[in-house]
A.B. asks: 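Just dropping this structure here.
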There are 2 protein chains.
Amino acid sequence: MSCCSEEKSKLIEEIGVRFEQVHQLAPLAARIYAIMILSPKDGHTFDEILSITSASKSSVSTHLNHLLQLKKVEYFTKPGDRKRYFRASTYYLKNTLEEYHVNISDEIKLIDKIINFNKTNNTQKFQNTGQIALLFREYLESQKVNIENVINKMSKIEI
Amino acid sequence: MSCCSEEKSKLIEEIGVRFEQVHQLAPLAARIYAIMILSPKDGHTFDEILSITSASKSSVSTHLNHLLQLKKVEYFTKPGDRKRYFRASTYYLKNTLEEYHVNISDEIKLIDKIINFNKTNNTQKFQNTGQIALLFREYLESQKVNIENVINKMSKIEI
DNA sequence: TGTTTAGTTCGGTATTTCCCGAACCAATCA
DNA sequence: TGATTGGTTCGGGAAATACCGAACTAAACA
């Protein structure tokens with residue numbers, strides 16, 4: 001990474017590592033997303049991303065397009081300027097919460113299947129651990145509601 | 001997968017795919033963990049796991065040991081029987097919540113760094129998105145408290 | 001004391017992931 | 001109209017991951 005302060009470079013790496021897992025991104029895609037989040041409002045050009053990441057044009061192109069497709073990144077243009085200026089999607093935090101919401105809904109569906117399976121096939125086991133499983137399920141439900149509330153609050157903020 | 005009902009096999013796969021991501025496990029490790037969760041109280045022997053997964057002894061050994069080390073799986077023995085009987089850790093749901101708790105704490109630390117960075121380096125951007133970021137942070141805090149409460153409730157249940 | 005049981009360890013290989021360079025293209029510029 | 005700019009596409013290769021077979025070990029059995 002060149003073209004960055006020491007602090008920014010380190011933060012890009014730290015966010016990058018996390019985003020690989022949370023958002024299921026390739027390392028370079030996660031770094032690019034991190035760069036966007038730490039970027040000024042007017043974004044970065046393709047070439048700037050090239051020099052910050054010191055990756056190849058092809059890789060930057062591929063991963064940037066992937067991020068665009070996922071709506072994690074967006075771009076805008078300036079009149080009389082062929083370049084595109086890339087930045088994190090204005091709603092990336094809200095979108096992240098929406099991802100979390102889908103995730104939790106899936107997890108609830110799955111734990112319901114597990115609870116049901118053990119209830120009918122492992123009756124003895126269920127007597128012991130069933131209560132815990134139901135508590136876990138309640139937890140997921142309340143997380144879901146919590147997320148919905150925060151999404152609503154976010155929707156009311158003008159950007 | 002042999003030795004299982006159609007329903008159980010499908011559920012093992014479904015849980016497996018999810019656990020690869022959630023718990024960062026290799027496919028076979030995730031399948032074994034899934035099997036444990038859907039197992040009767042008295043667990044499964046090494047050979048039973050072999051025949052359910054139709055994987056090699058070496059792979060089962062390696063991944064089972066990994067799961068033991070992570071405390072996701074435990075085993076017990078029966079007097080006069082050299083075999084070990086493997087099952088999901090009695091506290092696996094509580095342990096899962098504790099994992100989530102650590103994860104959220106890390107995420108809070110990270111978002112604080114991001115908020116701070118943008119506050120001082122991208123002042124203009126922060127004016128727009130700062131409020132959203134703070135809402136996101138609040139959300140994380142409340143998730144954390146929520147998890148703590150559920151862990152406490154779980155601790156009070158006798159198994 | 002030789003054999004079976006219940007696994008473990010090690011070296012290797014198939015597969016997948018991730019990234020790169022080179023060639024290419026479409027729009028603009030000179 | 002030929003060169004430059006701002007990318008895209010494609011084939012390939014290095015590295016990491018996931019799994020396997022074969023040889024091994026330690027305890028127990030016969």
Side-chain angles (χ1 to χ4, degrees), chain A residues 1-3 12-13 16-36 42-70 73-87, chain B residues 1-2 12-13 16-36 42-70 72-87:
Chain A
M1 298 274 178
S2 65
C3 290
I12 289 169
E13 285 310 306
V17 169
R18 195 171 178 86
F19 279 10
E20 286 179 44
Q21 296 161 20
V22 176
H23 300 285
Q24 304 262 76
L25 296 171
L28 183 56
R31 302 303 176 277
I32 293 174
Y33 191 17
I35 290 166
M36 299 295 100
D42 51 329
H44 282 303
T45 63
F46 191 92
D47 274 337
E48 283 167 355
I49 299 171
L50 264 188
S51 85
I52 297 174
T53 59
S54 37
S56 69
K57 280 175 81 174
S58 56
S59 300
V60 170
S61 173
T62 305
H63 291 295
L64 200 46
N65 281 321
H66 186 211
L67 290 167
L68 285 167
Q69 194 195 308
L70 295 174
V73 165
E74 62 191 14
Y75 67 87
F76 62 96
T77 49
K78 300 178 183 179
D81 184 348
R82 197 145 64 91
K83 282 187 278 250
R84 292 186 284 177
Y85 292 81
F86 299 94
R87 62 181 173 200
Chain B
M1 298 271 180
S2 65
I12 288 170
E13 285 310 306
V17 169
R18 195 171 178 86
F19 279 11
E20 285 179 45
Q21 296 161 19
V22 176
H23 300 285
Q24 304 260 75
L25 295 171
L28 183 55
R31 302 303 175 277
I32 293 175
Y33 191 16
I35 291 166
M36 298 294 101
D42 51 330
H44 282 303
T45 63
F46 191 92
D47 274 336
E48 283 167 356
I49 300 171
L50 264 188
S51 85
I52 297 174
T53 58
S54 36
S56 70
K57 281 175 80 175
S58 56
S59 300
V60 170
S61 173
T62 305
H63 290 117
L64 200 45
N65 282 321
H66 187 211
L67 290 168
L68 285 167
Q69 194 195 308
L70 295 174
K72 296 191 185 300
V73 165
E74 62 190 14
Y75 67 86
F76 61 96
T77 49
K78 299 179 183 178
D81 183 348
R82 198 143 65 88
K83 281 187 280 251
R84 291 187 285 176
Y85 292 81
F86 299 95
R87 62 183 175 200

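No hydrogens, no waters, no symmetry mates; every other heavy atom, side chains included, goes into these values. Labels below follow one simple rule: chain letters A, B, ... track the order of the sequence lines, proteins then strands, and each chain is numbered from 1.
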A.B. asks: Just jot down the side-chain hydrogen bond (donor to acceptor under 3.5 Å, both in side chains) partners of A:E48, sequence neighbours excluded, or say none.
C.D. replies: A:H44
A.B. asks: Just N and O in the side chain of A:S61: are any of them under 4.0 Å from OP1 or OP2 of D:dT8?
C.D. replies: yes
A.B. asks: Check side-chain hydrogen bond (donor to acceptor under 3.5 Å, both in side chains) between A:R84 and all other residues, then give those that pass, not counting sequence neighbours.
C.D. replies: none
A.B. asks: Can you check the B:E20 CD to C:dT17 P distance for me, whole Å?
C.D. replies: 10 Å
A.B. asks: So which one's nearest nucleotide on DNA chain D is more toward 5', A:T62 or A:D81?
C.D. replies: A:D81
A.B. asks: Using a 4.0 Å cut-off on protein heavy atoms (strictly under), produce a 5'-to-3' string for nucleotides 22-30 of chain C with B for base contact, S for backbone-only sugar-phosphate contact, and - for none.
C.D. replies: ----BBS--
A.B. asks: Kindly point out which of D:dC19, C:dC19, C:dC20 is positioned nearest to the side chain of A:A55?
C.D. replies: C:dC20
A.B. asks: Has A:S56 got a side-chain N or O lying under 4.0 Å from the OP1 or OP2 atom of C:dC20?
C.D. replies: yes
A.B. asks: Rounded to whole angstroms, how far apart are CD on A:Q69 and C1' on D:dT8?
C.D. replies: 15 Å
A.B. asks: Please state how far atom NE2 in B:H44 lies from atom P in C:dG7, giving the value in whole angstrom units.
C.D. replies: 14 Å
A.B. asks: In this structure, how many angstroms lie between the P atom of D:dA18 and the CD atom of B:Q24, rounded?
C.D. replies: 10 Å
A.B. asks: With a cut-off of less than 4.0 Å, is there a side-chain N or O of B:H63 near OP1 or OP2 of D:dA18?
C.D. replies: no
A.B. asks: Whole angstroms only, please: what is the CG-P distance between B:N65 and D:dA18?
C.D. replies: 17 Å
A.B. asks: Side chains of A:T45 and A:F86: does their closest heavy-atom pair fall under 4.5 Å?
C.D. replies: no
A.B. asks: Can you list every pair that meets ring-ring contact (aromatic ring centres under 6.0 Å, His included) and has a residue in residues 17-36 of chain B, with sequence neighbours left out?
C.D. replies: B:F19-B:H23, B:F19-B:Y33, B:H23-B:Y33
A.B. asks: Donor-acceptor pairs are to be reported for all side-chain atoms of residues 60-70 of chain B against protein atoms at under 3.5 Å, with residues two or more places apart or in another chain.
C.D. replies:
unit_1, atom_1, unit_2, atom_2, d
B:T62, OG1, B:S58, O, 2.8
B:H63, ND1, B:S59, O, 3.1
B:N65, ND2, B:S61, O, 3.0

A.B. asks: Calculate the interatomic distance between A:L50 atom CG and D:dT8 atom P; express it in whole Å.
C.D. replies: 11 Å
A.B. asks: Just how far, in rounded Å, is P of C:dC19 from CG of A:L28?
C.D. replies: 5 Å
A.B. asks: For B:I32 and C:dG7, what is the distance between atoms CD1 and P respectively, to the nearest whole Å?
C.D. replies: 13 Å
A.B. asks: Establish, with yes or no, whether the OP1 or OP2 oxygen of D:dT8 is under 4.0 angstrom from a side-chain nitrogen or oxygen of A:R84.
C.D. replies: yes
A.B. asks: Do A:L25 and A:R31 have side-chain heavy atoms sitting under 4.5 Å apart?
C.D. replies: no
A.B. asks: Both B:F86 and A:L25 contact DNA chain C. Which one's nearest nucleotide lies toward the 5' end?
C.D. replies: B:F86
A.B. asks: Please pick, from D:dT8, C:dC18, D:dC20, the nucleotide with the shortest atom-to-atom distance to any side-chain atom of A:F46.
C.D. replies: D:dT8
A.B. asks: side-chain hydrogen bond (donor to acceptor under 3.5 Å, both in side chains) with B:R82: which residues, sequence neighbours excluded?
C.D. replies: none
